[in-house]
Amino acid sequence: MDATFATGKELQKMDPVFGQLSFDDHEQIVFCNDKDTGLKAIIGIHNSVMGPALGGTRMWNYNTEWEALNDVLRLSRGMTFKSAITGLNIGGGKAVIIGDAKTQKTPELMRKFGEFVHSLSGRYITAEDVGMETKDMDTVRDVTPYVTGISEERGGSGNPSPITAYGVYLGMKAAAKSQFGSDVLEGKKVLVQGIGHVGETLVEYLTKEGAQVTISDINEEKLFQVASKYNATIYTGEDLYTADVDIYAPCAMGATINDNTVDKIKAKVIAGAANNQLADENVHGARLQERGILYAPDFLINAGGIINVYAELANYGKAEIMTKTENIYNTTLEIIDFAAKNGITTHKAALTIAQNRIDQRRIENAKK
């Protein structure tokens, strides 16, 4: 078959980049390879209407290269809407490095990755994500200025995870207010899936308020550590999606709300830090709505991290970071109200408002 004349459906069957739903009109996709360091990375620039594409770098041991590509496409698209809904003048991008962060990440590999970022001349600005630490961003900074989330010692905003967790906590409280009539989480049963940097801090916030916290993670050592530290309960059932809880907080990898799980969930609120929680945002978003489960859009409530690192570009301080992050509470309530008034899902409502801002900026840019 000649791909030049293939139809959209034929392209999807052939599995190239342009035929995938997750491609969604990306502006640029860069494949990075370096034999000496073993670097295999993909940078996705989804949209730069609002400004340069900003988004973190994730290092993950993907099963296939297609899995890595699909992840970076979904993540970079999400960053576009995350920045737009939060009111930041920045576009959406993301990067993934294929490999085990614990055994394959080296300073040489990170510097080489930084060189690829630098070659894009500022169209993409990187930051920390899964599998990355602040020190890795410092290493990238050695070879390019196009990186945020560097250490405070080097003039950066530091680890964005605590701010991300704070935003998720506030978004959860807003969703609880809408669903339960009060934003008080004391006594509420909350299941936190994934207790990495963000998940653990979220557990801390919830514990301090008196919520009954249950935790789940593939890392058993970390599970016992966090359970002991915060007096949390470790989930021991066979299927955590059937857990009898009020709130489900996915804080690990995405797509946990899918065909296999969406009808099992007993929680009445879903509010977590993971990106792309809905495997199919239209199908699964609608199904949650049908079941009376309130979904707090992930790209809205987990925006604290991007607010934190954007401060390095916009030159605002800690006070402004906290003010913008605290506004996630109000924006979440506005999105829920907008969705109810228009008879659409909360995810669709958030996308609509974000897209309207992008479209308005596109019109303004065309007039210049």
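Basis for what follows: all heavy atoms, side chains included, without hydrogens, waters or symmetry-related copies. Everything numeric here is computed off the predicted structure, so don't read it as measured data.
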**Request:** Show your reasoning for whether salt bridge (Lys or Arg N to Asp or Glu O under 4.0 Å) applies to Lys324 and Glu320.
**Result:** CA-CA 6 Å; Lys324 288 181 180 295; Glu320 184 69 11; 3.5 Å; yes
**Prompt:** Side chains of Val96 and Val72: closer than 4.5 Å at any heavy-atom pair?
**Reply:** yes
**Prompt:** Can any side-chain N or O of Asn258 pair as donor or acceptor with the backbone N or O of Ala255 at less than 3.5 Å?
**Reply:** yes
**Path from Tyr310 to Leu170 over hydrophobic side-chain contacts below 4.5 Å** = yes
**Message:** With clusters defined by side-chain heavy atoms of hydrophobic residues (ILVMFWY) lying less than 4.5 Å apart, directly or transitively, does Ile163 cluster with Leu88?
**Reply:** yes
**Point-to-point distance, once rounded to the nearest 0.5 Å, from OG1 of Thr80 to CD of Glu27** = 8.0 Å
**Prompt:** How about Asp239: does its CG atom have over 12 heavy atoms from other parts shown lying under 6.0 Å from it?
**Reply:** yes
**Message:** Strictly distance-based, threshold 3.5 Å: is any side-chain N or O of His284 a donor or acceptor partner for the main-chain N or O of Asp259?
**Reply:** yes
**Asked** Is the shortest heavy-atom distance from the side chain of Leu206 to the side chain of Leu185 under 4.5 Å?
**Response** yes
**Prompt:** Is a donor on one side and an acceptor on the other found under 3.5 Å between the side chain of Lys222 and the backbone of Ile195?
**Reply:** yes
**Prompt:** Between CD1 of Ile98 and CD1 of Ile42, what distance do you get to the nearest 0.5 Å?
**Reply:** 5.0 Å
**Request:** Kindly determine whether Tyr146 and Ser121 satisfy side chain to side chain donor-acceptor pair (under 3.5 Å), including the steps that lead there.
**Result:** CA-CA 8 Å; Tyr146 305 123; Ser121 302; 5.8 Å; no
**Asked** What about the rings of Tyr166 and Tyr205, do their centers lie closer together than 6.0 Å?
**Response** yes
**Prompt:** Given side chains that start at C-beta, do those of Glu281 and Leu351 come closer than 4.5 Å, heavy atoms only?
**Reply:** yes
**Item:** Worked check of salt bridge (Lys or Arg N to Asp or Glu O under 4.0 Å) between Arg111 and Glu115
**Value:** CA-CA 6 Å; Arg111 275 193 287 271; Glu115 290 175 14; over 6 Å; no
**Request:** Using modelled atom types only, decide if a donor and an acceptor are shared between the side chain of Ser228 and the backbone of Phe224 within a distance under 3.5 Å.
**Result:** no
**Item:** Gln104 (side chain) donor-acceptor with Asp100 (main chain) under 3.5 angstrom
**Value:** yes
**Prompt:** Without hydrogens or angle criteria, can the side chains of Thr134 and Ser151 be said to hold a donor-acceptor pair below 3.5 Å?
**Reply:** no
**Prompt:** Do you reckon Tyr235 sits in the same ILVMFWY cluster as Ile215, going by side-chain contacts under 4.5 Å, direct or chained?
**Reply:** no
**Request:** Give a yes or no on this: more than 12 heavy atoms of other residues, nucleotides or ligands lie within 6.0 Å of atom CD of Glu65.
**Result:** no
**Asked** Arg74 side chain to Asn276 main-chain N or O, any donor-acceptor pair under 3.5 Å?
**Response** yes
**Prompt:** Hey, are the side chains of Leu294 and Ser178 touching, using non-hydrogen atoms and a 4.5 Å cut-off?
**Reply:** yes
**Request:** Go through the steps for Lys82 and Asn275 under the test side chain to side chain donor-acceptor pair (under 3.5 Å), then give the verdict.
**Result:** CA-CA 10 Å; Lys82 181 182 298 189; Asn275 289 303; 3.2 Å; yes
**Asked** Between CG of Leu109 and CG of Asp136, what distance do you get to the nearest 0.5 Å?
**Response** 9.5 Å
**Fill in**
Rounded to the nearest 0.5 Å, the CG atom of Asp34 sits from the CD atom of Glu108 at a distance of 11.0 Å
**Prompt:** Is NZ or CZ of Lys188 both nearer than 6.0 Å to the six-membered ring centre of Phe180 and within 45° of the ring axis?
**Reply:** yes
**Request:** Look at the rings of Phe299 and His347 and say which category their plane angle falls in: under 30° parallel, 30 to 60° tilted, over 60° perpendicular.
**Result:** perpendicular
**Prompt:** Are the side chains of Asn231 and Thr207 in touch, meaning some heavy atoms are under 4.5 Å apart?
**Reply:** no
**Request:** Examine distances only and state if a side-chain atom of Gln193 and a backbone atom of Cys251 form a donor-acceptor pair shorter than 3.5 Å.
**Result:** no
**Request:** Evaluate side-chain contact (heavy atoms from CB on, under 4.5 Å) for Ile90 paired with Met50, printing each intermediate quantity in order.
**Result:** CA-CA 5 Å; Ile90 204 79; Met50 301 299 298; 5.8 Å; no
**Request:** Any chance you could lay out the side chain to side chain donor-acceptor pair (under 3.5 Å) test for Asn89 and Arg361, step after step, and finish with the verdict?
**Result:** CA-CA 10 Å; Asn89 295 317; Arg361 178 59 61 86; 2.9 Å; yes
**Item:** Modelled atom types, side-chain donor and acceptor of Tyr124 and Thr126, under 3.5 Å
**Value:** yes
**Message:** Test side-chain contact (heavy atoms from CB on, under 4.5 Å) on Lys229 and Glu200; report intermediate values, then the result.
**Reply:** CA-CA 10 Å; Lys229 186 175 180 180; Glu200 180 180 346; 3.4 Å; yes
**Item:** Working for side-chain contact (heavy atoms from CB on, under 4.5 Å), residues Met132 and Ile97
**Value:** CA-CA 10 Å; Met132 290 291 154; Ile97 297 175; 3.8 Å; yes
**Asked** Can you tell if the side chain of Phe31 reaches within under 4.5 Å of the side chain of Lys40, non-hydrogen atoms only?
**Response** no
**Asked** Quick one: are Phe338 and Ile353 in side-chain contact, heavy atoms under 4.5 Å?
**Response** yes
**Thr214 side chain near Ile234 side chain, heavy-atom distance below 4.5 Å** = no
**Message:** Rounded at 0.5 Å granularity, tell me how far CG in Leu300 sits from CD1 in Ile336.
**Reply:** 9.0 Å
**Electrostatic pair Asp129:Arg58 at N-O distance under 4.0 angstrom** = yes
**Request:** Without swapping roles, check the side chain of Gln179 against the backbone of Lys268 for a donor-acceptor pair under 3.5 Å.
**Result:** yes
**Prompt:** Which value, rounded to the nearest 0.5 Å, describes the distance between Asp246 atom CG and Asp244 atom CG?
**Reply:** 7.5 Å
**Request:** Quick one: do Tyr295 and Gln277 satisfy side-chain contact (heavy atoms from CB on, under 4.5 Å)? Show the steps, please.
**Result:** CA-CA 10 Å; Tyr295 175 67; Gln277 294 167 24; 3.3 Å; yes
**Prompt:** Is a donor on one side and an acceptor on the other found under 3.5 Å between the side chain of Arg357 and the backbone of Phe81?
**Reply:** no
**Asked** Do you see a donor-acceptor pair shorter than 3.5 Å between the side chains of Gln355 and Asp359?
**Response** yes
**Message:** Under a plain distance cut-off of 3.5 Å, with no hydrogens placed, do His197 and Ser161 share a side-chain donor-acceptor pair?
**Reply:** no
**Request:** Might you work through the salt bridge (Lys or Arg N to Asp or Glu O under 4.0 Å) test for Glu364 and Lys367, ending with a clear yes or no?
**Result:** CA-CA 5 Å; Glu364 293 170 1; Lys367 292 178 180 178; over 6 Å; no
**Message:** Taking Ile301 as the starting point, is it possible to reach Leu288 by hopping between hydrophobic residues whose side chains are less than 4.5 Å apart?
**Reply:** no
**Prompt:** Mind checking whether Val309 and Val168 sit in one hydrophobic cluster, side chains of I, L, V, M, F, W, Y counted as touching below 4.5 Å?
**Reply:** yes
**Message:** Checking Asn260 against Tyr241 for the side chain to side chain donor-acceptor pair (under 3.5 Å) test, could you report, in this order, the C-alpha distance in whole Å, the side-chain angles of both residues, the deciding distance, and whether it holds?
**Reply:** CA-CA 10 Å; Asn260 296 323; Tyr241 301 101; over 6 Å; no
**Message:** So does Phe116 get a backbone contact from the side chain of Ser119, meaning a donor-acceptor N/O pair under 3.5 Å?
**Reply:** yes
**Fill in**
Per side-chain contact (heavy atoms from CB on, under 4.5 Å), Leu73 is matched among Asp71, Leu75, Leu69 by Leu69
**Prompt:** Are Thr256 and Tyr248 close enough that a side-chain donor and a side-chain acceptor fall under 3.5 Å?
**Reply:** yes
